[in-house]
Amino acid sequence: MKIADLNQLKISTLLPSPKGVALALLEACRQEDISINEITKLIQTDPALAGRLIQRANATKQTTRAISSIAEAVSHVGLNAVKQLAMGFSLIDQYSKDPSNGFDYQEFWSHSLLMAIAVQKLSKTTQASSSEDLFSCGLMMRIGCLALASIYPDQYSQLIQQQSRGIPLQQLEQQYLQTDHNELTAAMLINFGFPTIFVEPIYYHETPENSGFSEGSRPYQILHQLYLAKQIADFALTKESERSQCISELLLLGGKIGLDTETFGDSIDQIMQEWHIWGKILKITAKEQLPSFHKMMSAAAPRPEDATNASSLRVLLVEDDPTNLILSKELLSNVLGHTVYTANDGQQALALAMEVSPHIVITDWMMPIMNGLELTKSLRATEWGQNLYVIMLTSIEDEEEVIKAFNAGVDDYVTKPINIRAFRARLRAAWHYRQLQESWERDREQLKRFAAELAVTNRKLEYYALTDMLTELPNRRSGMETLSETWSIANRSGQLMVIMLIDIDHFKSINDNYGHSIGDKVLKEVSSIIRKTARKGDTFCRMGGEEFLVVCQLGNADVKSSILFAERLRHQISQQQISIGEIHIRITISIGVALKEINMKNEDHLVIAADKALYAAKNAGRNRVYLALKDKLLAAPPPPSAKKVDPPADKEK
């Protein structure tokens with residue numbers, strides 16, 4: 001993440017910032033001992049803020065009783081969210097209108113409000129963070145655009161016009177302003193006191209593929225909710241003629257966070273309704289009410305404005321009469337606006353068609369070398385030629401001849417001399433055919449994409465179902481499946497079977513002394529050491545917390561080799577120093593080993609025996625290996641080279 005250097009850009013004093021009660025609230029929240037009662041008194045001095053905050057609290061409450069007091073609203077929404085909402089509302093009030101430049105402040109806030117409502121709604125599916133925190137994120141995640149428009153009004157207006165011609169806005173911002181709206185947004189949000197857990201996903205919300213977040217992690221979930229919220233906001237504000245093209249992409253993104261079509265459509269409708277309600281509260285102009293999402297899904301694609309013109313069509317005109325060729329080409333290109341290629345006979349036309357890939361072929365019937373019917377049959381014999389729209393020019397109106405033309409593959413015919421109105425109508429039909437064909441091709445590509453995405457998703461779901469996402473070792477479910485399968489094979493083959501239970505010593509003290517994030521990193525480091533030390537064929541899994549299971553491969557299942565391996569693993573971990581920043585931690589493990597015995601009825605008895613051995617190792621002082629064998633718990637003597645490491649983990653700075 002690259003954050004804008006406000007001092008270097010010399011714009012820190014020009015940035016949009018909250019004023020009045022919102023600014024006082026921001027300063028007050030920086031005091032560690034601030035009370036809700038003091039915050040309530042401060043908010044009461046701004047009736048507009050107080051009213052909006054109560055409405056915000058009522059919008060997300062779970063009970064039927066309405067919230068009517070500021071103190072209750074603050075308690076319900078949370079202090080951090082109150083601060084962020086106050087900032088957002090303050091900036092909306094200050095920067096809603098400015099006729100001095102081309103930046104549309106109303107559209108900016110309308111889009112931001114819609115993102116806020118959308119991400120709040122989506123947050124309920126993954127529960128990655130508080131819905132009120134995410135509402136504030138949505139409202140503020142493009143605040144850098146507002147800042148640049150306010151600081152560089154004339155330049156930014158020109159940049160927006162250039163962006164409309166297809167040049168990415170970020171590229172233009174960097175080129176002319178030496179920063180971009182995402183860098184500036186990150187700097188402003190950090191200055192406002194937004195937690196990094198939100199700032200980083202906001203920074204990458206336009207290009208989630210560049211974030212590098214671990215899939216399934218909390219930042220990853222927040223990022224993809226913000227990304228989908230932006231797509232929903234873009235969808236609502238786009239032109240009606242372009243809206244249908246966005247629906248399939250939205251459904252795909254909704255599916256990725258577990259929403260089926262019906263649920264996703266209902267969510268979109270609820271988002272749009274709340275958007276209009278909050279637009280009135282904040283005096284932001286929202287777009288006219290959209291039809292229901294399900295109605296938009298089932299609606300026919302709108303007819304573009306240039307349907308009668310269709311200037312994008314490539315037409316191959318085949319005519320052997322020079323006069324008719326010139327007149328027809330003039331009509332097609334200059335009057336009707338098509339791109340026209342010409343040929344004098346069918347053979348020449350066939351070669352040219354392969355080169356230019358026309359949308360429509362208009363051919364005379366009677367021509368030397370290869371006539372119009374022969375050309376049509378030759379085109380239809382190719383795979384690419386089956387999709388062409390063929391119009392026959394003819395002076396013959398005999399019914400039998402017309403039937404013969406259609407049987408040869410002609411789609412329509414025009415009689416000579418050409419009537420412009422009739423010809424235009426025929427071409428409009430050809431244009432609609434082409435539009436349907438392109439729509440079908442897009443749908444086919446979309447289906448291929450969906451199929452590929454579904455296959456990837458299924459593989460990921462299978463992986464997630466059997467993998468511990470923190471350590472990337474197999475999870476408890478996977479380990480128990482392996483245990484059951486190995487038990488069955490051992491029963492059938494009569495082979496020996498050994499398992500081990502491993503527990504990190506004094507792990508609770510690591511979490512208590514350093515925090516759970518450091519504890520998670522220790523678990524990952526230990527898992528990495530286990531993976532590197534493992535024997536070929538042994539299966540490791542994380543059972544939960546700081547406990548791991550090893551199912552030894554049947555070929556490695558004699559007691560002596562298993563004890564030696566357990567001791568080697570214990571010794572290897574005790575010699576490692578785990579360094580995380582300035583924190584250096586030494587850890588040890590205790591291991592319980594159990595052998596499958598005749599009196600054990602199932603794999604659960606084997607796990608119970610290993611668990612007893614593990615507890616014996618911990619009760620004996622930890623950092624050692626114990627074996628459960630014939631109802632006895634035996635200490636495994638450490639190798640002479642092993643040195644004892646005293647627990648608990650030490651703390652060095």
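Values below: every heavy atom of this structure, side chains too, minus hydrogens, waters and symmetry copies. Sequence positions, counted from 1, serve as the residue numbers for this chain.
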Report task. Inspect the surroundings of NZ in K612 and state if more than 12 heavy atoms from other residues, nucleotides or ligands are less than 6.0 Å away. Result ->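 Not buried by this count: 12 neighbours or fewer within 6.0 Å.
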Query raised in the report: Would one find more than 12 heavy atoms of other residues, nucleotides or ligands at under 6.0 Å from atom CG of N602?
Result: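 Yes.
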Has the side chain of [X] got a donor or acceptor atom that lies under 3.5 Å from a matching backbone atom of [Y]?
X: D505; Y: I587; value: no
X: S590; Y: N623; value: yes
X: S527; Y: L523; value: yes
X: R568; Y: A566; value: no
X: E173; Y: H181; value: yes
X: Y626; Y: Y615; value: no
X: S488; Y: S484; value: yes
X: E547; Y: L501; value: no
X: S478; Y: N475; value: no
X: R570; Y: I573; value: no

Query raised in the report: Can you list the steps and then say if S561 with R535 is a side-chain contact (heavy atoms from CB on, under 4.5 Å)?
Result: CA-CA 11 Å; S561 66; R535 299 177 299 177; 3.8 Å; yes
Where do [X] and [Y] come nearest, in terms of heavy atoms and distance?
X: A186; Y: Y203; answer: CB-CD1, 4.1 Å
X: I271; Y: A118; answer: CD1-CA, 3.7 Å
X: G519; Y: N511; answer: CA-OD1, 3.4 Å
X: I499; Y: L483; answer: CG2-CD1, 3.7 Å
X: H506; Y: S509; answer: O-OG, 2.6 Å
X: A613; Y: A628; answer: CB-N, 3.9 Å

Flag the pair [X] / [Y] as yes when at least one side-chain heavy-atom distance between them is below 4.5 Å, and no otherwise.
X: M600; Y: M497; value: no
X: I583; Y: Y514; value: yes
X: L113; Y: F135; value: yes
X: L496; Y: K596; value: no
X: V526; Y: T471; value: no
X: F565; Y: V498; value: no
X: I151; Y: L177; value: no
X: Q572; Y: K532; value: no

Query - Salt-bridge criterion met for R477 and E481 (N-O under 4.0 Å) - result: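 So R477 pairs with E481 through a salt bridge.
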Query raised in the report: Should the pair D234-K230 be classified as a salt bridge under the 4.0 Å nitrogen-to-oxygen rule?
Result: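 Salt bridge flag = yes for K230 with D234.
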Query - Qualifying residue for side-chain hydrogen bond (donor to acceptor under 3.5 Å, both in side chains) with N182, from E206, R142, K2 - result: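 Answer to the side-chain hydrogen bond (donor to acceptor under 3.5 Å, both in side chains) test with N182 among E206, R142, K2: E206.
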With rounding to the nearest 0.5 Å, note down the distance linking [atom1] in [X] to [atom2] in [Y].
X: N491; Y: T486; atom1: CG; atom2: OG1; value: 11.0 Å
X: I232; Y: H111; atom1: CD1; atom2: NE2; value: 10.5 Å
X: T533; Y: F540; atom1: OG1; atom2: CZ; value: 7.5 Å
X: M188; Y: T185; atom1: CE; atom2: OG1; value: 7.0 Å
X: I578; Y: I529; atom1: CD1; atom2: CD1; value: 5.0 Å
X: S562; Y: L595; atom1: OG; atom2: CG; value: 8.0 Å

Query raised in the report: Parallel, tilted or perpendicular: which fits the ring planes of H224 and Y220, with parallel below 30° and perpendicular above 60°?
Result: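 Correct class here is tilted.
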Query - Candidate pair M500 and D538, rule side-chain contact (heavy atoms from CB on, under 4.5 Å), full reasoning - result: CA-CA 11 Å; M500 304 177 191; D538 289 349; 5.9 Å; no
Query raised in the report: Run the side-chain contact (heavy atoms from CB on, under 4.5 Å) check on Q120 and L134 step by step: do they pass?
Result: CA-CA 6 Å; Q120 178 197 11; L134 289 178; 5.6 Å; no
**Report entry** Chi angles and distances behind the side-chain contact (heavy atoms from CB on, under 4.5 Å) call for Q575, H571
**Finding:** CA-CA 6 Å; Q575 297 303 301; H571 178 68; 3.6 Å; yes
Report task. Taking salt bridge (charged side-chain N to carboxylate O under 4.0 Å, His left out) as the test, write out the residues that go with R531, two or more places apart. Result ->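 Not a single residue meets the salt bridge (charged side-chain N to carboxylate O under 4.0 Å, His left out) criterion with R531.
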